[in-house]
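Notes follow the structure.
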Amino acid sequence: MIIAIDGPAASGKGTLAKRLAAHYGLRHLDTGVIYRAVAYALMSRGADLKDEASAVSAAKSLDPRTFDDPALKSHQVGTAASVVSAIPAVRAALVEFQRQFASQPPGAVLDGRDIGTVICPNADVKIFVVADPKIRAERRTIEARGRGEAADEATILADILARDERDQNRPVAPLKPASDAYLLDNSHLDIEGGVRAAIDIVEAVRAGRREV
Ligand code: DC
């Protein structure tokens with residue numbers, strides 16, 4: 001089974017994806033980490049985030065062993081990832097890795113922006129997670145402070161809105177729900193509530209029900 005979880009920054013889709021993967025015994029790939037790793041490689045060598053040749057070369061030489069690096073989690077790297085991910089040639093260089101990951105048995109949960117629309121258009125279940133931007137900013141601020149980063153909620157909210165705008169309006173693989181995705185509004189759900197709602201969707205789809 002392949003489950004595609006898409007949604008905007010800080011919607012909680014990553015935690016949901018991880019929990020769904022554990023629940024169903026599937027592998028999990030946080031595809032945002034891939035774009036973060038490309039951005040971080042450029043930042044580390046002082047390269048311009050819009051330099052296509054450097055970005056493509058970083059994308060082609062990614063080492064998945066670096067995906068656990070805590071430096072990739074910062075808000076700043078997330079914003080930089082949004083910039084490099086708008087370069088079509090960077091996206092093209094990363095498609096195969098993601099599809100390969102998804103195709104290995106016993107299946108996988110992938111979370112990102114274009115999983116249901118571009119990477120795995122035939123996913124068995126597609127969920128598009130949304131949450132109120134103010135609530136997402138609040139959650140991101142708490143997370144960033146938890147990591148010891150100085151975080152101002154108003155700045156984070158402005159960044160999140162700018163990031164949504166860039167991710168939704170780029171010409172290639174923009175952030176949008178697939179036509180057959182189920183919407184999950186995570187604004188007023190805690191982690192357990194979100195996980196239950198996502199499992200309910202998966203079970204309903206597996207049971208062949210059309211309406212969830
Ligand atoms: O989910 P995240 O915050 O880790 O993602 C960081 C950025 O990477 C996001 O703003 C846009 C980009 N991204 C993408 O374009 N496509 C994906 N499948 C995942 C992330």
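Both ligands and their constituent atoms are indexed starting at 1 by order of listing. Since the model is a prediction, treat every value here as computed from it, not as a measurement.
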Among all protein heavy atoms, pick out the one at the shortest distance from [atom]; state its residue, atom name and that distance to 0.1 Å.
{"atom": "atom 1 (O) of ligand 1", "answer": "R113 NH1, 2.8 Å"}
{"atom": "atom 7 (C) of ligand 1", "answer": "A81 CB, 3.6 Å"}
{"atom": "atom 19 (C) of ligand 1", "answer": "T31 OG1, 3.4 Å"}
{"atom": "atom 8 (O) of ligand 1", "answer": "Y35 CB, 3.6 Å"}
{"atom": "atom 6 (C) of ligand 1", "answer": "R163 NH1, 3.5 Å"}
{"atom": "atom 12 (C) of ligand 1", "answer": "S85 OG, 3.4 Å"}
{"atom": "atom 16 (N) of ligand 1", "answer": "R91 NH2, 3.0 Å"}
{"atom": "atom 4 (O) of ligand 1", "answer": "R36 NE, 2.7 Å"}

Checklist line | ILVMFWY network linking I160 to V83, side-chain heavy atoms under 4.5 angstrom | finding: no

Next item on the list: Check the pair K134, E153 against salt bridge (Lys or Arg N to Asp or Glu O under 4.0 Å), reporting the backbone distance first and the verdict last.
Entry: CA-CA 9 Å; K134 229 186 134 344; E153 193 173 316; 3.8 Å; yes

Next item on the list: Provide the number and element of each atom of ligand 1 under 4.0 Å from a heavy atom of D167.
Entry: 9 (C), 10 (O), 11 (C)

Check: What atoms of ligand 1 come closer than 4.0 angstrom to any heavy atom of G32?
Finding: 4 (O), 5 (O), 19 (C), 20 (C)

Test of understanding: given a 4.0 Å heavy-atom threshold, classify the contact between [X] and ligand 1 as side chain, backbone, both, or neither.
{"X": "S82", "result": "both"}
{"X": "R170", "result": "side chain"}
{"X": "K13", "result": "side chain"}

Polar side chain donor-acceptor pair, [X] to [Y], under 3.5 angstrom:
{"X": "D132", "Y": "H188", "result": "no"}
{"X": "S74", "Y": "R36", "result": "no"}
{"X": "S82", "Y": "R166", "result": "yes"}

Notebook entry, point to check: With side chains defined as the heavy atoms from C-beta onward, is the minimum distance between L175 and D114 less than 4.5 Å?
Noted result: no

Check: So do the side chains of Q168 and R113 get within less than 4.5 Å of each other, counting heavy atoms only?
Finding: no

Notebook entry, point to check: Looking at D63 and R65, does any basic side-chain N land under 4.0 Å from a carboxylate oxygen?
Noted result: yes

Next item on the list: Report the C-alpha separation of R45 and S54 in whole Å, then their side-chain angles, then the decisive distance to 0.1 Å, and conclude whether the side chain to side chain donor-acceptor pair (under 3.5 Å) test is met.
Entry: CA-CA 10 Å; R45 66 174 91 117; S54 301; 4.9 Å; no

Margin query: What I want to know is whether Q98 and ligand 1 share at least one N or O pair that is separated by under 3.5 angstrom.
Written below: no

